[in-house]
S.K.: 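This is the structure I want to talk about, given as structure tokens.
Computed from a predicted model, the values in this text were never measured in an experiment.
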Amino acid sequence: MPNARHRTGDIGEAAFVLKATQLGLRLAKPLSGKEGYDYIADNGGDCHRVQVKTTSKRASKGSYHVTTARGTRKNVPYKKGEIDFLVIYVHPEQTFYILSQKDLAGRVALSVPSTRRKHLGPFAQHHERWDLLTTKKRRRSKGLTLHASAEDNIGLVIPTAGGICS
């Protein structure tokens, strides 16, 4: 039976899937769960590795605490190339903050402001920034090339129409 922390994470992932699909993103979830990211988000031109973190823990009256490290009990920040974006879902306010891996700058935790505050400060630039995931930056090739060997332990979902990162 899942504990409360896992349920909170599930709620955040479900909210992310709902919003992302409403915005036209195609999503794939790694089968093994050991990739260090939760989803691959395909906007029809680019694919992004997305890690979803959920918080409902108040840091103060005006902000929420979120662990941005790998896992939940580790103080290991995400390294360059492990994820492209961190999506933070603030459950009590049903809102998102979207940060690039570069914006994390090696942090293992941070506080995001409540949207009830008049000013979001430096996090205003990250609030509901779905355009970071939905804007196409490159043209997609027409084919999908998969390189794998018998030793590779991969989980892959290949959609039939439109493809994930083809």
S.K.: Do you know which two heavy atoms are closest between Ser111 and Ser63, and how far apart they sit?
M.R.: CB-OG, 4.0 Å

S.K.: Would a distance-only check, ignoring hydrogens and angles, find a side-chain to backbone donor-acceptor pair under 3.5 Å from Arg117 to Gly62?
M.R.: yes

S.K.: Would you call Arg49 and Glu35 a salt bridge, taking side-chain N to carboxylate O under 4.0 Å as the test?
M.R.: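 Salt bridge between Arg49 and Glu35, a charged N being under 4.0 Å from a carboxylate O: no.
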
S.K.: Output the distance between atom CG (Leu99) and atom CD1 (Ile88), rounded to the nearest 0.5 Å.
M.R.: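 Going from CG on Leu99 over to CD1 on Ile88, the span is 5.0 Å.
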
S.K.: Going from CG on Leu23 to CG on Asp131, what distance comes out if it is rounded to the nearest 0.5 angstrom?
M.R.: 10.0 Å

S.K.: State, with a plain yes or no, whether a side-chain heavy atom of Tyr39 is found less than 4.5 Å away from one of Val17.
M.R.: yes

S.K.: Can you tell me if Ser56 uses its side chain to pair, donor with acceptor, with the backbone of Pro92 under 3.5 Å?
M.R.: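 Not at all, since once roles are kept as given, no pair shorter than 3.5 Å links the two residues.
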
S.K.: Got a second to check how far Asn43's CG is from Leu132's CG, nearest 0.5 Å?
M.R.: 11.0 Å

S.K.: If you compare all heavy atoms of Leu25 against all heavy atoms of Ala41, which two are closest, and at what distance to 0.1 Å?
M.R.: CD1-CB, 4.5 Å

S.K.: How many angstroms lie between atom CG of Leu133 and atom OG of Ser100, to the nearest 0.5 angstrom?
M.R.: 10.5 Å

S.K.: Which heavy atom in Leu104 sits nearest to a heavy atom in Ile83, and how many Å separate them?
M.R.: CD1-CD1, 4.0 Å

S.K.: Minimum heavy-atom separation for Lys57 to Thr55, with atom names?
M.R.: N-OG1, 3.2 Å

S.K.: Return the CD to CZ distance between Glu128 and Phe96, rounded to the nearest 0.5 Å.
M.R.: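 One finds 6.5 Å between CD of Glu128 and CZ of Phe96.
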
S.K.: Quick check against the 3.5 Å criterion: does Thr67 have a side-chain atom that pairs as donor or acceptor with the backbone of Ala69?
M.R.: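 Pair absent, no side-chain N/O of Thr67 close to backbone of Ala69.
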
S.K.: Once rounded to the nearest 0.5 Å, what's the spacing between atom CD of Gln101 and atom CD of Glu82?
M.R.: 8.0 Å

S.K.: Yes or no on side chain to side chain contact (heavy atoms under 4.5 Å, CB included) for Tyr89 and Thr8, after CA distance, side-chain angles and deciding distance?
M.R.: CA-CA 10 Å; Tyr89 180 64; Thr8 300; over 6 Å; no

S.K.: When the ring planes of Phe85 and His48 are compared, do they come out parallel, tilted or perpendicular, using 30° and 60° as the limits?
M.R.: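 The rings of Phe85 and His48 stand perpendicular, inter-plane angle above 60°.
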
S.K.: Shortest non-hydrogen contact from Gln51 to Asp38?
M.R.: NE2-OD2, 3.0 Å

S.K.: Is there a side-chain contact between Tyr97 and Pro113 in this structure, where contact means two heavy atoms from C-beta onward sitting under 4.5 Å apart?
M.R.: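 Answer yes - side chains close enough.
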
S.K.: Can a donor-acceptor pair be found, under 3.5 Å and without considering hydrogens, that links the side chain of Thr68 to the backbone of Ala109?
M.R.: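 Indeed, once roles are kept as given, a pair shorter than 3.5 Å links the two residues.
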
S.K.: Mark yes or no for whether Asp46, through its side chain, and Lys137, through its backbone, hold a donor-acceptor pair below 3.5 Å.
M.R.: yes

S.K.: Taking all heavy atoms of Lys53 and all of Val66, pick out the closest pair and write down the distance.
M.R.: CB-CG2, 3.8 Å

